[in-house]
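Data first, discussion second: the structure below is written as structure tokens.
Every heavy atom of this structure was used, including side-chain atoms; hydrogens, water molecules and symmetry mates were not.
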Amino acid sequence: MPDRFVVRLEDRDLELSNLDKVLFPAAGFTKGEVIDYYTRIAPVLLPHLRDRPVTRIRFPNGVDGVHFFEKNKPAGTPDWVRLETLPAPGSTKSRETIDYVVVDELPTLVWLANLAAIELHTPQWRIGAEPDMLVVDLDPGAPAGLRECGAVAVLMRDRLAEDGITAYPKTSGKKGMQLCCPISGTQDAVVVSGYAKRVAEELARLVPGSITAKMAKQLRPGKIFIDWSQNNAAKTTVTPYSLRAGATPTASTPLTWEETEAMATGDAEARQFSASEALERAEELGDLLDGLRNPGPAVPTS
């Protein structure tokens with residue numbers, strides 16, 4: 001196979017290169033397999049990327065090599081890739097605006113995969129709109145792990161339900177998990193983040209031995225940190241079905257609540273899922289996060 005060749009994909013010409021390059025050395029997982037994963041998972045992934053600026057984490061020399069976050073369009077971006085010029089987040093001092101890539105179609109997704117953009121992260125808002133999703137990030141402090149995250153997820157689900165908010169669970173693909181909740185898209189990020197903080201602090205007071213809502217890392221060992229700050233407008237969260245860069249290729253994988261409860265009680269193994277398992281689950285179960293496409297309620301303001 002040549003190092004570089006052009007493929008035609010949905011009326012787009014794109015050049016693929018070095019498909020045999022190993023990006024996950026411990027697993028022998030190649031760039032070609034990364035591209036294959038993103039191509040096959042695209043039907044359930046693309047709806048979660050559509051109309052959202054994407055931050056990429058690129059690993060040009062594999063997950064054991066140097067990596068970098070990329071928000072701005074890379075050099076050589078094809079003219080058919082959708083770009084949106086938006087104000088730079090507060091942490092970006094070198095420029096006032098950023099030309100973000102927006103992944104609305106399969107060719108753009110494959111183009112990014114060919115650039116070794118292993119991880120894809122998106123904000124809780126769509127371009128030109130207020131947040132339409134509330135995200136609760138559950139981060140375990142050792143020796144707590146994914147099982148304990150599951151137990152807190154169930155508590156959070158039930159608490160959010162009291163306000164009419166539906167939560168959908170997914171693994172992070174690394175240590176913890178997230179709950180994704182459709183909301184109205186009529187309130188700004190400050191209001192949404194404030195609500196998430198109030199609920200997190202309420203649960204931390206309810207179960208102080210197992211939950212913290214404070215960011216200080218010295219308070220986290222043995223507890224689940226409910227990271228409400230993910231709802232800050234400048235923050236992004238790993239996109240559902242995105243690969244994660246670890247020893248082996250895992251993916252941020254949607255769960256059912258039955259699975260989450262079984263993990264929490266120890267009736268099922270609490271673990272992350274491989275890329276191949278994420279594909280199998282999507283084929284068998286469809287998109288368990290399909291409900292995120294429907295608007296939810298406004299969050300309570302007091």
Side-chain angles (χ1 to χ4, degrees), residues 48-49 51-57 69 71 86 88-92 100 119-127 129-141 144 146 148-150 152-157 159-160 163 165-185 187-204 211-217 219-220 223-242 244-245 251-255 260 272 289 291-292 296-301:
H48 299 288
L49 291 167
D51 291 328
R52 299 184 195 271
V54 64
T55 297
R56 294 85 62 196
I57 309 182
F69 287 77
K71 294 180 180 290
L86 301 171
S91 60
T92 305
Y100 281 95
E119 296 195 12
L120 307 174
H121 296 246
T122 38
Q124 323 322 336
W125 43 269
R126 296 181 186 273
I127 294 162
E130 301 289 5
D132 61 355
M133 184 167 58
L134 179 152
V135 169
V136 179
D137 187 41
L138 302 177
D139 185 10
L146 190 58
E148 288 78 10
C149 285
V152 174
V154 172
L155 282 177
M156 178 64 77
R157 174 200 66 185
R159 173 61 187 85
L160 293 171
D163 292 327
I165 295 173
T166 301
Y168 295 84
K170 71 180 180 76
T171 68
S172 69
K174 286 203 167 179
K175 295 188 302 178
M177 63 185 296
Q178 288 110 20
L179 301 183
C180 302
C181 312
I183 54 176
S184 66
Q187 299 162 297
D188 65 26
V190 174
V191 172
V192 177
S193 188
Y195 168 73
K197 181 181 182 182
R198 291 195 302 276
V199 173
E201 290 174 340
E202 180 183 322
L203 291 184
I211 298 173
T212 180
K214 297 183 183 297
M215 293 188 184
K217 291 194 174 181
L219 300 177
R220 298 191 200 178
K223 297 183 180 183
I224 303 302
F225 170 46
I226 301 177
D227 188 355
W228 48 269
S229 74
Q230 285 299 113
N231 298 285
N232 182 303
K235 291 279 191 83
T236 60
T237 303
V238 64
T239 309
Y241 305 103
S242 170
R244 302 306 303 270
S252 180
T253 306
L255 301 169
T260 306
Q272 303 291 336
L289 301 181
L292 292 177
V299 303
T301 55

- Per the side chain to side chain contact (heavy atoms under 4.5 Å, CB included) rule, which among C180, C181, P182 passes with M133?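 For M133, the side chain to side chain contact (heavy atoms under 4.5 Å, CB included) check succeeds only for C180.
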- Message: Under the side chain to side chain contact (heavy atoms under 4.5 Å, CB included) test against Q124, which residue among I183, D132, L134, V135 passes?
- Response: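 Exactly one pass, corresponding to V135.
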Using only atom types and a distance under 3.5 Å, with no angle test, would you say the side chain of [X] pairs donor to acceptor with the backbone of [Y]?
| X | Y | value |
| --- | --- | --- |
| R56 | K71 | yes |
| E119 | A245 | yes |
| D163 | L160 | no |
| Q187 | V192 | no |
| T122 | L49 | no |
| T239 | L120 | yes |
| R244 | S242 | no |
| W125 | A233 | yes |
| W228 | A213 | yes |
| Q230 | D137 | no |

Can you find a pair of side-chain heavy atoms, one from [X] and one from [Y], that are under 4.5 Å apart?
| X | Y | answer |
| --- | --- | --- |
| C149 | P140 | yes |
| I226 | L138 | yes |
| V54 | H121 | no |
| V191 | E130 | no |

For [X] against [Y], the heavy-atom pair lying closest together:
| X | Y | result |
| --- | --- | --- |
| P169 | M177 | CB-CE, 3.8 Å |
| Q178 | S172 | NE2-CB, 3.5 Å |
| A153 | L179 | O-CD1, 3.8 Å |
| Y168 | G291 | OH-CA, 3.4 Å |
| P254 | K170 | CA-CB, 3.7 Å |
| P123 | P53 | CD-O, 3.2 Å |

Rounded to the nearest 0.5 Å, how far does [atom2] of [Y] lie from [atom1] of [X]?
| X | Y | atom1 | atom2 | answer |
| --- | --- | --- | --- | --- |
| I57 | F69 | CD1 | CZ | 3.5 Å |
| Y100 | R52 | OH | CZ | 14.0 Å |
| T237 | H48 | OG1 | NE2 | 13.5 Å |
| R220 | D139 | CZ | CG | 5.5 Å |

- Carboxylate-amine/guanidinium contact E202 R159, below 4.0 Å: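 Salt bridge: yes.
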- Item | Trace of the side-chain contact (heavy atoms from CB on, under 4.5 Å) decision for Y195 with T301 | CA-CA 7 Å; Y195 168 73; T301 55; over 6 Å; no
- Item | Sole residue of N232, D227, N231 in side chain to side chain donor-acceptor pair (under 3.5 Å) with S229 |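 Going through N232, D227, N231 one by one, the side chain to side chain donor-acceptor pair (under 3.5 Å) with S229 is satisfied by D227 alone.
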